[in-house]
Amino acid sequence: MKVKYNLIHEEKNTQARLGKIETNYGTYDTPMFMPVGTQATVKTLSPEELKDVNSGIILSNTYHLWLRPGENVVDHAGGLHKFMNWDGPILTDSGGYQVFSLAKPKDITEEGVYFKNHLNGDRLFLTPEKSIEIQNKLDSDIAMSFDECPPASADHQYMKESVERTLRWAARGKAVHNNERQSLFGIIQGGPYEDLRKFSAIETVKLDFDGYSIGGVANDDESKDDMYKAIEYSVPYIPKDKTRYLMGVGEPIDIIEGVIRGIDIFDCVLPTRLARHGHAFTHSGKINLKNAKYKEDFSPIDDECDCYACKHYTKAYIKHLINSEETFGARLLSIHNIRFLIKMTEDIREAIKNDELLEYRKKFVKEYYHEDI
RNA sequence: GCGAAGUUGGUGAAGUGGUUAACACGCCGGAUUGUGGCUCCGGUAUGCGUGGGUUCGAUUCCCACACUUCGCC
């Protein structure tokens with residue numbers, strides 16, 4: 001089946017909305033945060049642990065699975081769900097982000113994109129059709145269109161050409177998409193430019209996808225203000241009965257600001273990457289467990305957290321694991337950080353239900369950033 | 001007791017008669033937003049065993065002493 005978005009409630013004071021998304025593997029509440037499992041695993045977590053933190057959809061990656069183990073291996077295994085023993089929904093990114101992270105501008109052609117294989121340096125060529133074919137074989141629940149994700153600093157002229165090319169790629173991908181069980185989402189681009197976001201949104205919606213995402217945000221050269229504007233410029237043109245996905249965003253405040261502007265789902269590597277580097281989200285701010293002050297801190301990471309790590313382990317112990325490069329430390333912190341963001345979305349849903357999202361933001365910012373807004 | 005070699009930061013160590021003593025690890029911080037990277041970026045010896053001497057100038061040369069290691073009685 002195709003994913004179906006059901007609107008439950010629109011928050012009174014903002015664009016935020018409460019919804020349910022129906023998938024092949026169950027129905028899930030939105031706004032939602034999707035943990036990232038690039039290589040068919042959310043780094044360091046077992047599927048059971050993902051369930052424990054109340055994960056809904058998880059994200060995996062076309063580019064990486066294409067290179068290794070290859071889409072045919074996953075296909076022969078019976079699809080990505082069976083291959084990785086995950087019976088929840090899976091969204092696959094198209095490889096479009098790797099256009100941004102691995103290719104050079106001159107490698108982008110109308111036909112597709114040349115990549116340098118990060119594993120062995122081989123020259124690779126990925127097209128919109130190829131990306132969709134791979135995703136069909138991976139048999140994820142939601143496939144993403146193959147797009148170009150230009151830096152926010154790209155000038156208007158380049159961005160315009162890029163947006164138009166991404167639209168042509170979206171149409172080409174949709175034309176070859178051939179998996180009844182799999183939905184296909186379109187991606188709105190346009191950087192910080194209002195006219196281009198509007199154009200991209202309207203034209204992408206015309207192609208009629210099962211859901212829409214806003215891409216090209218949270219690049220390192222983009223200000224928060226530009227990111228929020230990019231959302232505001234795009235959302236009004238997305239039909240209300242379709243899922244709105246803000247790609248790559250996962251800093252706590254950005255999730256809140258995204259929801260306020262009408263976003264339903266988010267994904268981000270931040271919780272797992274920060275975990276591997278020893279950082280933890282807490283209700284009173286981000287902390288670095290490598291800091292010497294935690295050496296004999298025998299309290300949990302966050303005394304308000306209900307995760308496995310916080311229930312059973314201390315900062316001092318986890319710090320020791322991180323300092324000793326023991327993988328259990330990264331695992332405990334990943335569990336915690338993912339749970340933190342998912343718990344946040346649970347609280348956000350409650351706030352939307354009560355039309356108190358702005359109050360929630362005020363309280364969160366006060367506690368997390370120690371600032372008044 | 002005799003002989004030899006050596007003594008540079010928390011550690012392993014480079015190095016030079018003359019601006020800020022290399023590098024690595026560790027330690028102390030920071031970064032991280034559709035994940036190539038257990039990654040990246042900073043900081044970290046006011047001093048080169050101790051005391052004298054030579055020299056315009058010594059961590060670098062000389063002497064003595066202490067300590068360490070090895071070998072021989």
Side-chain angles (χ1 to χ4, degrees), chain A residues 33-44 57-68 91-103 115-122 124 131 135 140 142-150 152 166 185-189 213-224 226-228 230-231 245-258 263 265-281 286-295 319 321-331 333-334 337 341:
Chain A
F33 175 77
M34 305 187 290
V36 174
T38 301
Q39 311 201 67
T41 174
V42 174
K43 291 186 195 299
T44 75
I57 308 173
I58 63 169
L59 179 146
S60 198
N61 200 290
T62 302
Y63 167 77
H64 301 261
L65 297 179
W66 175 43
L67 299 192
R68 190 171 56 187
L91 177 150
T92 40
D93 187 25
S94 62
Y97 185 73
Q98 279 65 43
V99 177
F100 168 69
S101 63
L102 296 175
F115 289 91
K116 191 172 181 183
N117 180 332
H118 70 278
L119 300 174
N120 61 17
D122 280 357
L124 300 169
S131 171
Q135 294 184 74
S140 55
I142 301 171
M144 299 303 301
S145 287
F146 185 70
D147 65 330
E148 184 191 352
C149 183
T166 286
F185 279 22
I187 303 176
I188 298 161
Q189 288 287 352
S213 62
I214 296 170
V217 296
N219 292 346
D220 52 12
D221 57 350
E222 184 194 45
S223 70
K224 282 196 185 299
D226 280 344
M227 169 164 71
Y228 300 154
I231 303 168
Y245 162 31
L246 185 65
M247 305 187 81
V249 168
E251 206 169 276
I253 188 62
D254 294 338
I255 290 179
I256 296 172
E257 297 294 345
I263 299 299
I265 60 178
F266 301 82
D267 81 279
C268 194
V269 304
L270 209 51
T272 43
R273 179 180 289 162
L274 287 179
R276 275 175 276 123
H277 297 167
H279 296 247
F281 296 125
K286 193 178 77 178
I287 63 172
N288 182 355
L289 284 167
K290 287 183 174 174
N291 289 172
K293 62 183 172 183
Y294 299 116
K295 193 163 189 170
K319 170 182 173 55
L321 295 178
I322 292 290
N323 283 356
S324 313
E325 296 178 46
E326 286 290 344
T327 56
F328 190 47
R331 182 165 146 215
L333 279 180
S334 292
N337 283 342
L341 293 184

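We name chains A, B, ... by the order of the sequence lines, and we start the count at 1 in each one. This one's a predicted model, so the numbers in the text were calculated from it and none came from an experiment. No hydrogens, no waters, no symmetry mates; every other heavy atom, side chains included, goes into these values.
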Could you work out the separation of B:C62 and B:U55 based on their C1' atoms and round it to a whole Å? 12 Å

Under 3.5 Å, is there a donor-acceptor pair between the side chain of A:T166 and the main chain of A:E148? yes

Write down the distance between CG (A:N337) and C1' (B:U35), rounded to a whole number of angstrom. 15 Å

Would you say the side-chain atoms of A:S131 pair up with the backbone N or O of A:S94, donor to acceptor, closer than 3.5 Å? yes

Take atom C1' in B:U50 and the same atom in B:G10, then report the distance between them in whole Å. 22 Å

Using the side chain to side chain contact (heavy atoms under 4.5 Å, CB included) criterion, which residues pair with A:S213? Sequence neighbours excluded. A:M144, A:I187, A:Y245, A:M247

Round to a whole Å and report the spacing from CZ of A:R276 to P of B:C40. 14 Å

Please lay out, stage by stage, how A:L246 and A:V217 fare under the test side-chain contact (heavy atoms from CB on, under 4.5 Å). CA-CA 8 Å; A:L246 185 65; A:V217 296; 3.7 Å; yes

List the steps and the verdict of side-chain contact (heavy atoms from CB on, under 4.5 Å) for A:L341 and A:L270. CA-CA 10 Å; A:L341 293 184; A:L270 209 51; 5.8 Å; no

Separation of A:L119 atom CG from B:U35 atom P, in whole Å? 14 Å

B:A22 and B:G12, which share atom name C1', separated by this distance in whole Å: 14 Å

Atom CD1 of A:I322 and atom C1' of B:G29: how far apart are they, to the nearest Å? 16 Å

Roughly how far apart, to the nearest Å, are B:U44 and B:A24 at atom C1'? 14 Å

Given the P atoms of B:G52 and B:A58, what is the spacing between them in whole Å? 13 Å

Interatomic spacing from CD1 in A:I57 to CG in A:L91 - rounded to 0.5 Å: 6.5 Å

Under a 4.0 Å threshold between the charged nitrogen and the carboxylate oxygen, would A:E257 count as salt-bridged to A:K224? no

Given atom CG of A:L65 and atom C1' of B:U35, what is their separation to the nearest angstrom? 12 Å

From NZ of A:K116 across to P of B:G37 the rounded distance in Å is 16 Å

On a whole-Å scale, what distance lies between the P atoms belonging to B:G42 and B:C23? 11 Å

Once Watson-Crick and G-U wobble pairs under 3.5 Å are found, how is RNA chain B written in dot-bracket notation, 5' to 3', with | for any base paired to another strand? ((((((((.[[[..)..(....]]]((((((.......))))))....[[[[[..)....]]]]]))))))).

Looking at A:L124, is its backbone amide N or carbonyl O close enough to the side chain of A:D122 to form a donor-acceptor pair, meaning the two atoms are under 3.5 Å apart? no

Work out how far the P atom of B:G47 is from that of B:G6, and round it to whole angstrom. 26 Å

Is the backbone of A:G37 close enough, under 3.5 Å, to the side chain of A:S60 for a donor and an acceptor to pair up by distance? yes

C1' atoms of B:A64 and B:U54, separation to the nearest Å: 15 Å

Of all the nucleotides listed (B:G30, B:C28, B:G36), which has the minimum atom distance to the side chain of A:A292? B:C28

Quick one: do A:V99 and A:F115 satisfy side-chain contact (heavy atoms from CB on, under 4.5 Å)? Show the steps, please. CA-CA 7 Å; A:V99 177; A:F115 289 91; 4.0 Å; yes

Distances under 3.5 Å between nitrogen or oxygen atoms of protein and nucleotides 32-34 of chain B:
{"from": "B:U32", "atom 1": "O2", "to": "A:H277", "atom 2": "ND1", "distance (Å)": "3.0"}
{"from": "B:U32", "atom 1": "N3", "to": "A:H277", "atom 2": "ND1", "distance (Å)": "3.3"}
{"from": "B:U32", "atom 1": "O4", "to": "A:H279", "atom 2": "ND1", "distance (Å)": "3.4"}
{"from": "B:U32", "atom 1": "O4", "to": "A:H279", "atom 2": "NE2", "distance (Å)": "2.4"}
{"from": "B:U33", "atom 1": "OP1", "to": "A:R273", "atom 2": "NH1", "distance (Å)": "3.1"}
{"from": "B:U33", "atom 1": "O3'", "to": "A:G248", "atom 2": "O", "distance (Å)": "2.9"}
{"from": "B:U33", "atom 1": "O2'", "to": "A:G248", "atom 2": "O", "distance (Å)": "2.1"}
{"from": "B:U33", "atom 1": "O2", "to": "A:G250", "atom 2": "N", "distance (Å)": "3.1"}
{"from": "B:U33", "atom 1": "N3", "to": "A:D254", "atom 2": "OD2", "distance (Å)": "2.7"}
{"from": "B:U33", "atom 1": "O4", "to": "A:K224", "atom 2": "NZ", "distance (Å)": "2.7"}
{"from": "B:U33", "atom 1": "O4", "to": "A:E251", "atom 2": "OE1", "distance (Å)": "3.4"}
{"from": "B:U33", "atom 1": "O4", "to": "A:D254", "atom 2": "OD2", "distance (Å)": "3.2"}
{"from": "B:G34", "atom 1": "OP1", "to": "A:V269", "atom 2": "N", "distance (Å)": "3.2"}
{"from": "B:G34", "atom 1": "OP2", "to": "A:Y97", "atom 2": "OH", "distance (Å)": "3.4"}
{"from": "B:G34", "atom 1": "O4'", "to": "A:G248", "atom 2": "N", "distance (Å)": "3.1"}
{"from": "B:G34", "atom 1": "O4'", "to": "A:D267", "atom 2": "OD1", "distance (Å)": "3.4"}
{"from": "B:G34", "atom 1": "O4'", "to": "A:D267", "atom 2": "OD2", "distance (Å)": "3.3"}
{"from": "B:G34", "atom 1": "O2'", "to": "A:D93", "atom 2": "OD2", "distance (Å)": "2.9"}
{"from": "B:G34", "atom 1": "O6", "to": "A:Q189", "atom 2": "NE2", "distance (Å)": "3.4"}
{"from": "B:G34", "atom 1": "O6", "to": "A:G216", "atom 2": "N", "distance (Å)": "3.3"}
{"from": "B:G34", "atom 1": "N1", "to": "A:D147", "atom 2": "OD1", "distance (Å)": "3.3"}
{"from": "B:G34", "atom 1": "N1", "to": "A:D147", "atom 2": "OD2", "distance (Å)": "2.8"}
{"from": "B:G34", "atom 1": "N2", "to": "A:D93", "atom 2": "OD1", "distance (Å)": "3.3"}
{"from": "B:G34", "atom 1": "N2", "to": "A:D147", "atom 2": "OD1", "distance (Å)": "2.9"}
{"from": "B:G34", "atom 1": "N2", "to": "A:D147", "atom 2": "OD2", "distance (Å)": "3.3"}
{"from": "B:G34", "atom 1": "N3", "to": "A:D93", "atom 2": "OD1", "distance (Å)": "3.3"}

Is it the case that B:U35 (base atoms only) and A:T272 (side chain only) share a donor and an acceptor within less than 3.5 Å, ignoring hydrogens and angles? yes

Tell me whether the OP1 or OP2 atom of B:C38 has a side-chain N or O from A:T327 closer than 4.0 Å. no

Output yes when at least one side-chain N/O atom of A:K295 is less than 4.0 Å from OP1 or OP2 of B:C27, else no. no

Gap between atom CZ of A:F146 and atom CD of A:Q98 - 0.5 Å precision: 9.0 Å

Considering just the side-chain nitrogens and oxygens of A:N291, establish if one lies under 4.0 Å of OP1 or OP2 belonging to B:G30. yes

Provide, to the nearest angstrom, the distance between the CG atom belonging to A:L289 and the P atom belonging to B:C38. 18 Å

Given atom NZ of A:K319 and atom C1' of B:G29, what is their separation to the nearest angstrom? 11 Å

